[in-house]
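Note on naming: letters A, B, ... go to the chains in the order of the sequence lines (proteins, then strands), and numbering restarts at 1 for each one.
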2 protein chains.
Amino acid sequence: MELITIKDIAKALNLSTSTVSRALRGSYEINPDTKKLVIEYAEKYNYRPNPIALSLKENKSRSIGVIVPEIDNPFFSQVINGIEAISYNRGYHVVIFQSHESFERESINLKHIASRRVDGLLISLAGETNDISQLKELHEKGMPIVLFDRVSDEINTHKVISDNFEGAFTATEHLIREGRRRIAHITASPYLSITKERVKGYIAALNKYEIPVDKAMIKYSNYSSENMELIIDELLSETNPPDGILTVSDRLALGCLATLKTKNITIPEQISIVGFTNLKAASMLEPALTTVVQPSLQMGQRSAELLLDLIERKSSSIPTTYQTFKLYTELIIRDSSIVSI
Amino acid sequence: MELITIKDIAKALNLSTSTVSRALRGSYEINPDTKKLVIEYAEKYNYRPNPIALSLKENKSRSIGVIVPEIDNPFFSQVINGIEAISYNRGYHVVIFQSHESFERESINLKHIASRRVDGLLISLAGETNDISQLKELHEKGMPIVLFDRVSDEINTHKVISDNFEGAFTATEHLIREGRRRIAHITASPYLSITKERVKGYIAALNKYEIPVDKAMIKYSNYSSENMELIIDELLSETNPPDGILTVSDRLALGCLATLKTKNITIPEQISIVGFTNLKAASMLEPALTTVVQPSLQMGQRSAELLLDLIERKSSSIPTTYQTFKLYTELIIRDSSIVSI
DNA sequence: TTGTACGCGTTATCAA
DNA sequence: TTGATAACGCGTACAA
């Protein structure tokens, strides 16, 4: 990559580097002829300013870091899609990090990011993460941060989430209106904000219809099929087994469906399922899977916009009031033969 | 992000920046006491070397660029997962770009990358791309490049692909052994290497069983459902409609299944389908979908390893022989009640 | 209108 | 053992 520098141009044209710089930068005080000369030479030899030199000079990289639990997860890859779209339009690069749901790995990623190189950070917390002091510290040191989806009350910055309470409430209510009375809830790590909100929504719906809440019906699962099998076995061996299940995330919903199929449980006759998911294709294939679709693309777009605003506002030091933006989920009922709300 | 610099340490400790640098870097000629002093101060104030300054100095960024058609595509997000895993372990950052299957967008991304800031490039070509002169130019200027999945004969560098010929051959053969004789092939952009190889494999399988090849049975599709509907209509309105379909990619396979369902075509009774896919969860749900699973994670890992080797070898200027690495696909037959091979 | 000098943070070279 | 200086590429304040 032997690229030409401003110095090369200056030497070739017998000018000073500053004159070349001015000519390229379109500054005012410059002889039109000189300017033309420089620009033509630059074009001819395909001059590109070295972004790293600029970064060093301006102390900003025009790139943002994104930490997600897993890239290879339809929800997050859609979010990243949205982030990339906005960032691209505003001239920023996107640097990807994965926490793999691990607190330690997230912590290492934060350390990398702390040594700057990115102008801001978008993060969705790992399932293991129970302590966000490192993130707070980074924020207090001045790093613009926006949290999305899996957020924390303990940090005061912009947050973009979907309405998990409402989503879980509506989904549970849908099951109840279908006639289900014994509804299980299989969800993710109990540390996560999304989990807490969804459990609240689930319980609120049960309360509304005066259905007793049974803790044994609430299961926290990781994404392994062994764990799902264990959970399903536990649920089915209850004296009073469930007739409906509310799952969250593509993996849990699909894993649950697949496990039930291997056990020859018919859906929705024996058990009805609602899942939070973004795998529209998959839900097309499985008519029994009513889904709560999350606004993943918008979440990425909104988060990126907010972060870039923060980054660019920072220089003009306008004080910012942090807000939490809640995006709406959408309940899509696949099997209209059963019920509709 | 007011981080401490080497200069700050020097000032605070009444030393020169070079001494501090040496102490931190663990160089030899240094007084143990001074060294200890510096290191302790650095730790206390959480000193981190500025990676951008290092990049400028060493003229390398320790980051690699990745251009994919769409992040939000299970195949590519899995590839990126593999890339990220390897890069992380070897101390490189991953910067993501999307071409959205557009030649123009790919071209703009290449321009960004050409102005260095990344030490190497991993790319899977856009569906529209028919001219890779820009990529070749970049490569000739010294940028280490590895192509994966959607490659081109016109450029001489490492390539990592899956065995698309074999995959399509085996899949087609599977349909033939199931008793299908009129097999359609719905595939992606005709420009793509993967498309060409798959069509070859499909034709080779038909030839082996002396089944005539009918061009009307080969359809090039984009990912829109309108286009899929059109194609299915065309196929079904043939005097001799297909009794089997070979699709490629998750979207085409799922789109095809969904469209057939809306037309009340039963699967596999009326039409049997084989799809290249990575949506294992989705294929779990649809027993009729026999799939050719592509080694996406390995593809990402292998590509990243090769690229990083190229980057690090470059400095020692060992001549490199470029190779094409072919990874094996795996045929997974979901509906064992029909046939097995 | 153009050139000189400096600084961004770091390391390597050379002198002390 | 340590310090001063140059260099990476760029932009800009200041001098000419």
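- When the side-chain nitrogen and oxygen atoms of B:Lys7 are compared with OP1 and OP2 of C:dG7, none of them lie within a distance under 4.0 Å.
- Using a 4.0 Å cutoff on non-hydrogen atoms, the parts of residues 47-57 of chain A near DNA chain D are A:Tyr47, A:Arg48, A:Pro49, A:Asn50, A:Ala53, A:Leu54, A:Lys57, ordered by number.
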Starting from the C-alpha separation in whole Å, work towards a yes-or-no answer on salt bridge (charged side-chain N to carboxylate O under 4.0 Å, His left out) for B:Glu101 and B:Arg150. CA-CA 11 Å; B:Glu101 304 287 9; B:Arg150 298 150 162 229; 2.8 Å; yes
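- Rounded to an integer number of Å, the gap from CD1 of A:Ile6 to C1' of C:dT4 is 15 Å.
- Between B:Arg117 and B:Ser61 there is no side-chain heavy-atom pair separated by less than 4.5 Å.
- Distance check: B:Lys159 NZ to B:Thr157 OG1 gives 7.5 Å after rounding to the nearest 0.5 Å.
- Whole-Å rounding puts the B:Glu58 CD to C:dT11 C1' distance at 8 Å.
- Atoms CD1 and CG, from A:Ile83 and A:Leu297 in turn, are 10.0 Å apart once rounded to the nearest 0.5 Å.
- Note that CZ of B:Phe75 is 14.0 Å distant from CD of B:Glu70, once rounded to the nearest 0.5 Å.
- Between the C1' atom of D:dC10 and the CZ atom of B:Arg117 lies a distance of 14 Å, rounded to the nearest Å.
- One distance of note links CD1 of A:Ile64 with CZ of A:Arg90; it measures 9.5 Å at 0.5 Å rounding.
- Here A:Arg22 does not reach the OP1 or OP2 of D:dG11: none of its side-chain N or O atoms lies under 4.0 Å away.
- Atom CD1 of A:Ile6 and atom OG of A:Ser21 lie 4.0 Å apart (nearest 0.5 Å).
- In this entry the distance linking NZ of B:Lys60 with P of D:dG9 reads 15 Å, nearest Å.
- Separation of atoms CD1 (B:Ile132) and OG (B:Ser152) is listed at 3.5 Å; rounding is to 0.5 Å.
- As rounded to whole Å, 15 Å separates atom P of C:dC8 from atom CD1 of B:Ile4.
- You'll find the ring centres of A:Tyr88 and B:His100 outside the 6.0 Å limit.
- Nucleotide D:dC10 holds its P atom 9 Å from the CG atom of A:Leu24, rounded to whole Å.
- The nearest whole Å value for the distance from the OH atom in B:Tyr45 to the P atom in C:dG9 is 18 Å.
- When distances are taken from the side chain of A:Thr34 to each of C:dT11, D:dG11, C:dT1, the shortest belongs to C:dT1.
- In this structure, A:Arg25 places its CZ atom 6 Å from P of D:dT12, rounding to the nearest Å.
- For DNA chain D, the residues of residues 9-20 of chain B within the heavy-atom distance limit of 4.0 Å (strictly under) are B:Asn14, B:Leu15, B:Ser16, B:Ser18, B:Thr19, sorted by number.
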